[in-house]
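Values reported hereafter were calculated over all heavy atoms of this structure, with side chains retained and with hydrogens, waters and symmetry mates removed.
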Amino acid sequence: MTEAYHPHLAELTDASPLKGYSPEQLESTASEIRDVLCNLLATRTAHFASNLGVVELCLALHCEFDFRTDRLIWDTGHQIYPHKLITGRYHDFPTIRTQGGLMGYPNPAESDYDLFMTGHAGCSVSTAVGLRSGDILVGEPERRTVAVIGDGAFPSGIVFEALNNAGELEDDLTIVLNDNKMSICPRVGSVAGYLDRLRSNPYYTGLKSEIGKLLEQIPMLGDPAERFLAQMKEGVKAGLLGGMLFEELNIRYVGPIDGHDIGLLRKYLAMVRDMKGPVLLHVVTEKGHGYKPAAADPVYFHTPPAFEDRDGKPVTRKSDGLPAYTNHARDAISRAMSADGKVSVITAAMCQGNKLEPVREKFPDQFFDVGICESHAVAFAAGQCKSGARPIVDIYSTFLQRSYDQIFQEVCLQDLPVVFMMDRAGLTGPDGPTHHGVYDIGYMRMFPNMVVMAPGYAQELELMLTAALDHDHPCGIRYPKTSAMQLESEPLPIEIGKSETIREGDDGTIVAFGATLENALAAADLLDGELSIRVVNARFAKPIDVDMVRQAVTDGRFVVTAEEHTQVGGFGSAFLEAAVAERLDTRSIHIVGLPDRFVEHGDRNDLLHQCGLSPEALADRCRQAAKEAGVDHVLRSSTVSAD
């Protein structure tokens, strides 16, 4: 990437010069942004189609507002790349989604243009309503507030809570509905159908205004004839004007308009900017706009693997890695559904992320995508379960947090055997702190009736799902976004609350929970001849294997627990609790997990090393623990060498 190819972007230290750009300069800037995005995908995976779709909208917003003082919230934040490029971060853009570089989501630490680190969908309208209200409270009513929200996120329950509040407060507010007919996958639900009808309505805002003037001439008095005319007036409005859902919530509706026409966008943004009260501007865009392969397949190009563009055709880099845990989870779910027609799978607009497309096609009557509505997904699963079905809720760990109350009230309190498949548990690498699934052990294991488990290798995942479906209580299975290790030997059957020993040793024990097992075994190999390390695959954080805890603490000189989760409330905490309950000496127990801070984005293996979970770091922790326990590992190493 060189400045010569992107002269407009290179000179933008902030977005204010855009206001003076000619239409031709703005179109040229849009082309530069798309070129930068395509160049980025040649180096690494990143959010792509969603960013291509908002280029013109982003430019128009910055032309008509001054977001150095005005307020702008992007929902969801993965469409932030054009915004970053025109707000002084062009020269740092090659570092995006790399350790120490720009974040792939809004980040207030990077720029005053970013107000919230928005990685979860649906919250923009709520925060915008609050920003506007707060500005009025502190005496700065001149600051304008804009929330940009996609049609996929729009059905989220919190959005309608916010619209309800905004209509009552009547504070000035601009909501831009970015309608591209997509979430990450094709959107679902009746709200999507409503937006489709609005988009196909031929009565655009200009005509609506004229019809509105005519309708205002109809008198509204008291006799029956005039009451009939009044009812007719409302019927005509509902039939012709569109947007009545919003109008009835006391929110002005304008649109739909072409979201790729910068001039038209500027005209309408200027108009709604000066309207009183909350206004919703309906903008129609195309995901992947400007790059034909992405526009033709926006699902694949949401976050595609790195590719090289060759004459308009993407050539993807091949990966030689083992299949990911997500692949094994999908296959296990498919086999469970094939074996039992009462088994269903529920996802929240993440069919593609959870790799469930083959399941959706093969079992359409057992597959349910509820949209970006995680709370509803869990309550829906509870209803299915109460009816005798066996639902599997397949949702990213970080997104499942949004349904915390439903896990408590509708599932655990009722002791319903819902199975939670917590995909992308642990560190998600370049997605960063909004997406790291590092709190689920803590928020799941505290509930009575809940079982929390994690596979340490590929074959175990299906065994765990089978055990969960055979269990009469709620179960959670967590697994990371990484390739799954294969064991050469046949795994032991899963017994709820029982661990398995993978490797014997005399000096100390590494108790690994979940996918940290692979690095624990590698650490034991590194220490071979220096320390004799026993490696245990914990399998369960709740109920924890108390016999294993007792043996680990009493048979060796030290114990190191390893988990891809925060130390606070995680597996190590559960291990310590069990040791204390058994009146064991806890001084030899060393907990290795994530620190009590938000872990930034970067390469997953690098982040694991920083958190003490790489093979080398675990080996060093064992050496330290051995030294504290008085194990003469130096002598052992010398003896082995002498032999």
Side-chain angles (χ1 to χ4, degrees), residues 1-68 70 72-98 100-115 117-119 146 148 176 178 259-260 262 265-266 285 287-291 294 301-304 306 309 430 432 601:
M1 181 187 299
T2 61
E3 293 185 12
Y5 292 111
H6 311 113
H8 295 303
L9 294 176
E11 70 179 13
L12 290 172
T13 56
D14 62 50
S16 58
L18 291 172
K19 295 179 181 297
Y21 275 24
S22 67
E24 292 76 18
Q25 287 175 308
L26 290 172
E27 292 292 347
S28 178
T29 304
S31 296
E32 290 181 13
I33 292 172
R34 288 193 167 90
D35 187 54
V36 171
L37 295 178
C38 287
N39 289 345
L40 174 67
L41 265 292
T43 64
R44 70 187 68 103
T45 181
H47 293 99
F48 188 54
S50 55
N51 282 290
L52 290 173
V54 298
V55 172
E56 288 82 7
L57 175 59
C58 178
L59 289 169
L61 281 165
H62 281 279
C63 285
E64 297 306 321
F65 294 85
D66 185 352
F67 292 115
R68 293 171 298 180
D70 293 335
L72 176 61
I73 307 290
W74 288 95
D75 181 342
T76 302
H78 61 231
Q79 56 188 339
I80 195 73
Y81 297 12
H83 169 88
K84 292 198 178 203
L85 284 167
I86 62 175
T87 54
R89 286 170 274 183
Y90 165 77
H91 298 288
D92 293 329
F93 195 77
T95 70
I96 198 165
R97 289 170 60 87
T98 63
L102 297 179
M103 190 179 182
Y105 293 85
N107 186 357
E110 291 177 10
S111 172
D112 291 340
Y113 279 98
D114 298 358
L115 296 181
M117 197 180 288
T118 51
V146 180
V148 181
V176 178
N178 175 30
H260 298 295
I262 298 178
L265 283 166
R266 292 190 65 177
T285 61
K287 258 194 175 182
H289 188 79
Y291 186 65
F301 282 94
H302 176 69
T303 48
D309 182 84
H601 62 281

Given the options Lys84, Arg68, Arg89, Ser111 meets side-chain contact (heavy atoms from CB on, under 4.5 Å) only with Arg89
Value rounded to 0.5 Å, distance of CG in Leu61 from CG in Leu18:
11.0 Å
More than 12 heavy atoms from other groups under 6.0 Å of CG on Asp66:
yes
Using a 3.5 Å distance criterion without hydrogens, assess whether the side chain of His91 forms a donor-acceptor pair with backbone atoms of Ala10.
yes
Stepwise, does the side chain to side chain contact (heavy atoms under 4.5 Å, CB included) test hold for Tyr90 with Leu12?
CA-CA 8 Å; Tyr90 165 77; Leu12 290 172; over 6 Å; no
To the closest 0.5 Å, what do you measure between NE2 (His8) and CD (Gln25)?
5.5 Å
Start with the C-alpha distance between Val148 and Ile73, add both sets of side-chain angles, then the distance that settles side chain to side chain contact (heavy atoms under 4.5 Å, CB included), and finish with yes or no.
CA-CA 6 Å; Val148 181; Ile73 307 290; over 6 Å; no
Without swapping roles, check the side chain of Arg34 against the backbone of Tyr291 for a donor-acceptor pair under 3.5 Å.
no
Keeping His601 on the side-chain end and Leu102 on the backbone end, is there a donor-acceptor pair under 3.5 Å?
yes
Minimum heavy-atom distance Pro82-Asn51, with the two atoms named
CD-OD1, 3.1 Å
Of all heavy-atom pairs linking Ile33 and Leu85, the shortest is CG2-CD1, 3.9 Å
Measure from the side-chain N and O atoms of Arg44 to the backbone N and O of Ile96, and report whether any donor-acceptor pair falls under 3.5 Å.
yes
Can you tell me how the ring of His289 sits relative to the ring of His260, calling it parallel under 30°, perpendicular over 60° and tilted otherwise?
parallel
Go through it in stages, so that I can follow the logic: the residues are Phe65 and Leu72, the test is side chain to side chain contact (heavy atoms under 4.5 Å, CB included), and I'd like the CA-CA distance, side-chain angles, deciding distance and then a yes or no.
CA-CA 9 Å; Phe65 294 85; Leu72 176 61; over 6 Å; no
Find the distance between CG (Asn178) and CD (Gln79) and round it off to the nearest 0.5 Å.
5.5 Å
Going through the checks in order, is the side chain to side chain contact (heavy atoms under 4.5 Å, CB included) test met by Leu52 and Phe301?
CA-CA 10 Å; Leu52 290 173; Phe301 282 94; over 6 Å; no
To the nearest 0.5 Å, how far apart are OH in Tyr21 and CG in Leu26?
8.0 Å
Please find out if less than 6.0 Å separates the ring center of His83 from that of Phe67.
no
What heavy-atom pair brings Arg266 and Cys63 nearest, and what distance separates the two atoms?
NE-CB, 3.5 Å
Look up atom CG in Asp75 and atom CD1 in Ile80, then write down how far apart they are to the nearest 0.5 Å.
11.0 Å
